[in-house]
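Okay, so here's the structure we're looking at.
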Amino acid sequence: MTRLRRALAHPLAIVGLAFALLPFGLPAIGSTVSLATEIVIYALYGIAYNLLLGYTGLVSFGPSAYFGVAGYAAGLAQLYLFRSVYPSILAGTAAAALTGLGIGLLILRRRGLYFSLLTLAFTQLFFEIAFHWTDVTGGENGLQGVTRPEFASPLGFHFFCAAVVAGAVAILWRVAHSPFGRVLQAIRDNEQRARCLGYDTRRYKLLAFVLSSTFMGLAGSLLTFLIQGVYADNLSWQHAGDPVMMTILGGMHHFLGPLWGAGLFILLSDQLSSYTEHWWLVFGALLIAFVLLSPEGLSGIWARLRGRPRWHLTRAEVPPRPVGPPRGGDRRPLPAGDGPVLAVRALQKRFGSLVVADGVDLDLRPGELHSLIGPNGAGKTTFFNMLTGLVPADSGQILFKGRDIVPLAVHDRIDGGLARSFQIVSVFRNLSVFENVRVAVQARSRYRRSPWRDAEALGEVVGRAWDLLETVGLEPRAAEEAATLSHGEQRLLEIAITLATEPEVLLLDEPLAGLADAERERISALVRHLAGRHTILLIEHDIDRVLSLSDRITVLHQGRVIAEGAPADVVSQPQVITAYLGRHAEAQPAGPARARAAPAAATPLLRLDGINAGYGGSRILHDVSLEVREGEIVALLGRNGVGKTTTLRTIMGALRPASGSIAFRGAGLARATPDRVNRLGISIVPEGRRIFPNLTVLDNLLLAARPGGARLDEVVELFPRLRQLAAARGETLSGGERQMLAIGRALMAPTSLMLLDEPLEGLAPSVVAEVLEAIARLRGRTSILIVEQKVDLTLRLADRAYAMVSGRVAYEGDAEALRQDEGLQVRLLGV
Amino acid sequence: MSEAALLLSQVVNGLVLGFLYVLIAVGLSIIFGMLGVVNFAHGVFFALGAYFALSLRPQVGPAGVFVLAPLLVGLVGMAVEATLLRPLYGKDPLLGLLLTFGLALFVEELIRTLWGTVGHPFDPPRPLSGFLQYGPIFVTRYRLAVLVVTVLLLSAIWLFLEKTPYGRIIRAGSRDPEMTSMLGINLPRVFTAVFGLGTCLAGVAGVLAAPLWSVVPSMAEAAIMPAFVVVTIGGLGSFPGAIISGLGVGVAVSLTIQFWPAAAGAVMYLLMAVVLLVRPRGLLGERWEQFE
């Protein structure tokens, strides 16, 4: 019995049943057979449109262009070329396909809103042509007198349409499950990742666009024969919204959603129009209600009622693991010989005045685990981006297996065996865990472009996907949506996807970031396991693990390689320690002297107690407690990724803590919004300064000004350079000038506590001195909590210091004491 | 009239049309920039301006409706933002788009229900009727008045955006809403006010356009499509871009109406397609991630 139920639940069975019953059901409620046929036709229109929207994520405002063009072509063909219905329909469909190809080639290189607006432009253009080219299209009156000699009776025509549309729907169902169709969903979820897997996404999008237009054209041709005429009306911009509305009402993330939407729309308008001519009031309100209450449409409501709120764009089950020996053998062997598998020579890159790569040389030997470390802003991720081609280098060579890959596009480099994982987890959120890996493995299959085969019948691909899931330990979660995974599990998935491309060289970008200890251990073990069989280049900040895992280490600082070699050697080199602790050889050893009178028993101004916080599934802060007292300067130190910025953002209200309390002057802050926090007297000078590039310096300052804050002349006294920059737009300022502006801006509102997030980052030494001095002068005016990487300078300035390690406070005490204890510093903050 | 005189007069008409387009487009652009919402309902706010003016004119006279009607439209806009749009912030931008689309359908039908489907003529105020002649150029007094008023209004808007604290907030909030809120500014309230401002501008344009286009439910579409075109050609988020492209489109459309009427509707879409294909961010558009 269950087999029968499952067979009946198959979309095609539902379609067949619905189409067969409609022409009998509708007349029973006072409608006509023709209306049933209209539902059939619009169902195809919607399902074809949804191939772009729900599957590929392309928001087109212009489906009616293809619907209308096909309608006219079919009508004209029937009137002047063929008397018969069949070739006319073919002519209409072909016209739509060609139009789709033409427009697609023109506009698909644009993205997002620009793409959507272009589709709108073309639809309107076609409407105007149809409305005014009276000789050909009949203008306002349209084409009349189209006949369908083969189908005199409405019922006969209905079954013809039902058969054609059912066939088309079957084809679209098959396409959705094909390798091609699967890639479309990957593109929707994360196009950049799909490209980094080796897919040429533009071609996929173009084919989707053409397929969608073709089937929408088929629907349009059928409509011509239903109403036996063609009218420009269908091309107007309001009717362009018809398939959109039907798809949303029915559910854009369900294959048959548009069918239910079409049924609802057409039936309801038919029934309502006999009561009132203002039935659009109902539909407008209905659309608004659905958007607010059930964006997944009717299908979403149905799915929620059944307790299974998941999308149903493809069949739900995950294919079973094929029996047989593991398919590890098709992995590429490590190259022989002892030349470097990846050699970088003299790589240069600058963004404006910021130099991120300054003559970088690097050699990666086959089979080694090589780590790339360095303080924040050293240019490591940009380096990876240049290796994979996401960012072009200004000059230099990248030799991969002897070939210069600089001229190659991203997907070609991937094809060649270079793969990377991303620092910010970059998976396909709405696909199942299994499908995430499968679609990645599929990128190497020769069937990856097929719109016809069943993707899950590609045994090799499926088998390898299961093997990879086993390698990273995610087998038990295979059928779940990637979005439901914990942060650590998503990292594992991330690595599995990267492995799927059979890379010889694996670029892993901070795979441990944001993870708790247990998960770090799991991933480190995985990396160790992979190290023997792949060549790995690793960026990480968890120095202890880096030291234990790596064969060799390269240290990058301000775009330059400052050390390279075995872990033990590199770690002890003085220039490395200096870079990490922020001591500059040429820096002023006497920073602003601390005015020694920090009141020991001053009242607490800010108190954090047991704060736990994180983003999404990841936990960054663990039981963080700290205090800033009235009149103090407190330093918050730690290596990259330990949670310093997260702490500041939590205080500021930009991030809500999961547990714990924040008190400012005794009052609780935990649920306050950032604007309220600021009005209570806490200002932030954030990482990256975040001045407004489109406002002048003066406007930046005035924006923040409130009664009780600093006056303009006070700020200018602190930072004289701002006076002559008053009329300059923010985007023209240098890093140092922006920093001064950001601090000045924070002072313009009454501030009792200023949060400074890495104010000295990226600044030249002379500017560092200037900024530090200004901060020192703020003592007495406001209390300060300063996050910094330049340890020595900061500790000279501060009264007390906290040091964080892996999201916890690991040290609390007198700043000078920490400054004198170099060993302690190295343990907490250095290499 | 000689060819040249005809041409010149049409250019002047085109400028008038253009400035109206700019007025509508600026409201749309401000809403884009600040709220990230593609306001498909902008056209119906334009229409509401005209219809409110129509209904209120017997009571308060033409000067009165010029102030009252747009204010009412702005109030409606603020109510819409606070109740319907606010729940959607932070979600898929497609949802905001669909909501305004549904709103456009609803309100246009509401207009039909309350005021009927037939067009209503709307006479310009008595002192502004009749023609003026400047050399070879003929122009109606009313059109000239519209020209003057829109230029004044646009200057006022520019001053508002560039020189006032509130304008500062809008410009900053369009680039970095989070930082703006960290400077103590209550963003939800700003969003509501900005939506109100944008729709109010559409309402003003509607009142001004009423004598030119006659008050019909379909005037909503006649406003929204050119607004999209102008904003896209000029560049999303650019005030000077909107002015240049608005005037350009206005003149192009007016000239086409005179010399090749059948193509008048199509010409602005052709322009839009060509500009976007050559300069993907429009003439003066900036690179904002939210649009790409």
Side-chain angles (χ1 to χ4, degrees), chain A residues 59 106-107 109-114 116-118 120-122 124-125 127-129 131-134 236-238 241 244-245 248 278-281 283-288 290-292 295 652-654 673-675 677-679 683-684 686 690 692-695 699-700 702-704 706 745 749, chain B residues 38 84 87-88 91-99 101-110 112-113 165 168-169 171-172 174-176 178-187 221 224-225 228-229 232 236 261-266 268-270 272-273 276-277 280-282 286 290-292:
Chain A
V59 181
L106 281 175
I107 72 178
R109 37 193 151 125
R110 306 291 169 239
R111 300 216 177 146
L113 195 54
Y114 291 101
S116 304
L117 289 172
L118 269 172
L120 186 60
F122 275 102
Q124 289 303 107
L125 197 55
F127 170 71
E128 292 288 334
I129 294 175
F131 203 73
H132 287 111
W133 200 10
T134 318
S236 72
W237 87 281
Q238 279 165 324
V244 186
M245 243 198 320
I248 300 300
H278 299 295
W279 46 269
W280 272 112
L281 283 177
F283 272 104
L286 205 60
L287 186 56
I288 294 176
F290 267 91
V291 168
L292 288 173
M652 205 60 208
T673 52
D675 58 290
V677 171
N678 180 257
R679 283 180 185 269
S683 296
I684 185 166
R690 288 176 83 169
F692 299 102
N694 55 329
L695 265 54
D699 275 341
N700 264 278
L702 290 176
L703 179 72
R706 281 206 305 274
R745 181 180 63 181
Chain B
V38 179
L84 298 177
L88 295 178
K91 299 200 189 166
D92 190 348
L94 178 62
L95 293 178
L97 203 148
L98 288 170
L99 188 116
F101 182 69
L103 189 65
L105 294 173
F106 182 78
V107 175
E108 187 170 331
E109 194 57 39
L110 195 62
R112 268 181 240 270
T113 314
R168 230 185 335 252
I169 294 176
R171 282 184 294 134
S174 303
R175 283 311 275 270
D176 195 341
E178 192 188 48
M179 188 66 223
T180 310
S181 82
M182 293 201 279
L183 291 172
I185 291 159
N186 184 330
L187 275 187
E221 286 140 64
I224 185 73
M225 287 314 310
F228 276 137
V229 170
T232 319
L236 293 167
M268 70 172 123
Y269 304 111
L270 262 176
M272 176 171 158
L276 270 187
L277 289 173
R281 299 198 184 90
E286 296 169 13
Q290 67 195 80
F291 298 139
E292 306 213 356

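Chain A is the first sequence line, chain B the second, and so forth, proteins listed ahead of strands; every chain is numbered from 1. Bear in mind that the values here come from a model prediction, so they are computed numbers and not experimental data.
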Rounded to the nearest 0.5 Å, how far apart are [atom1] of [X] and [atom2] of [Y]?
{"X": "A/Leu695", "Y": "B/Ile169", "atom1": "CG", "atom2": "CD1", "value": "10.5 Å"}
{"X": "B/Met268", "Y": "A/Leu125", "atom1": "CE", "atom2": "CG", "value": "11.0 Å"}
{"X": "B/Thr232", "Y": "A/Leu113", "atom1": "OG1", "atom2": "CG", "value": "7.5 Å"}
{"X": "B/Leu98", "Y": "A/Phe290", "atom1": "CG", "atom2": "CZ", "value": "12.5 Å"}

Please examine the side chains of [Y] and [X], heavy atoms only from C-beta on, and report whether any two atoms are closer than 4.5 Å.
{"X": "B/Leu105", "Y": "A/Phe283", "value": "no"}
{"X": "A/Pro693", "Y": "B/Arg175", "value": "yes"}
{"X": "A/Leu292", "Y": "B/Leu99", "value": "yes"}
{"X": "A/Asp699", "Y": "B/Arg171", "value": "yes"}
{"X": "B/Met179", "Y": "A/Phe692", "value": "yes"}

Check against side-chain contact (heavy atoms from CB on, under 4.5 Å), B/Arg112 and A/Leu281: CA-CA 10 Å; B/Arg112 268 181 240 270; A/Leu281 283 177; over 6 Å; no

Minimum heavy-atom distance between [X] and [Y], given as atom pair plus value:
{"X": "A/Leu703", "Y": "B/Arg168", "result": "N-NE, 3.7 Å"}
{"X": "B/Met182", "Y": "A/Asn678", "result": "O-ND2, 3.2 Å"}
{"X": "A/Pro295", "Y": "B/Leu95", "result": "CB-CD2, 3.8 Å"}
{"X": "A/Ala121", "Y": "B/Met272", "result": "CB-CE, 3.7 Å"}

May I have the step-by-step check of side-chain contact (heavy atoms from CB on, under 4.5 Å) for B/Leu276 and A/Arg110, ending in yes or no? CA-CA 9 Å; B/Leu276 270 187; A/Arg110 306 291 169 239; 5.7 Å; no

Given heavy-atom pairs under 4.5 angstrom as the criterion, report whether the side chain, backbone, both or neither of [X] touches chain B.
{"X": "A/Phe122", "result": "side chain"}
{"X": "A/Arg690", "result": "both"}
{"X": "A/Ile248", "result": "side chain"}
{"X": "A/Ala285", "result": "both"}
{"X": "A/Val677", "result": "neither"}

Worked verdict on B/Phe228 versus A/Leu120 for side-chain contact (heavy atoms from CB on, under 4.5 Å): CA-CA 9 Å; B/Phe228 276 137; A/Leu120 186 60; 3.8 Å; yes

Is it the backbone or the side chain of [X] that comes under 4.5 Å from a heavy atom of chain A, or both, or neither?
{"X": "B/Val229", "result": "neither"}
{"X": "B/Leu94", "result": "side chain"}
{"X": "B/Leu270", "result": "both"}

Is there a donor-acceptor pair under 3.5 Å between the side chain of A/Arg706 and the backbone N or O of B/Leu183? yes

Starting from the C-alpha separation in whole Å, work towards a yes-or-no answer on side-chain contact (heavy atoms from CB on, under 4.5 Å) for A/Leu117 and B/Val38. CA-CA 10 Å; A/Leu117 289 172; B/Val38 179; 5.7 Å; no

Does CH2 belonging to A/Trp279 count more than 12 external heavy atoms closer than 6.0 Å? yes

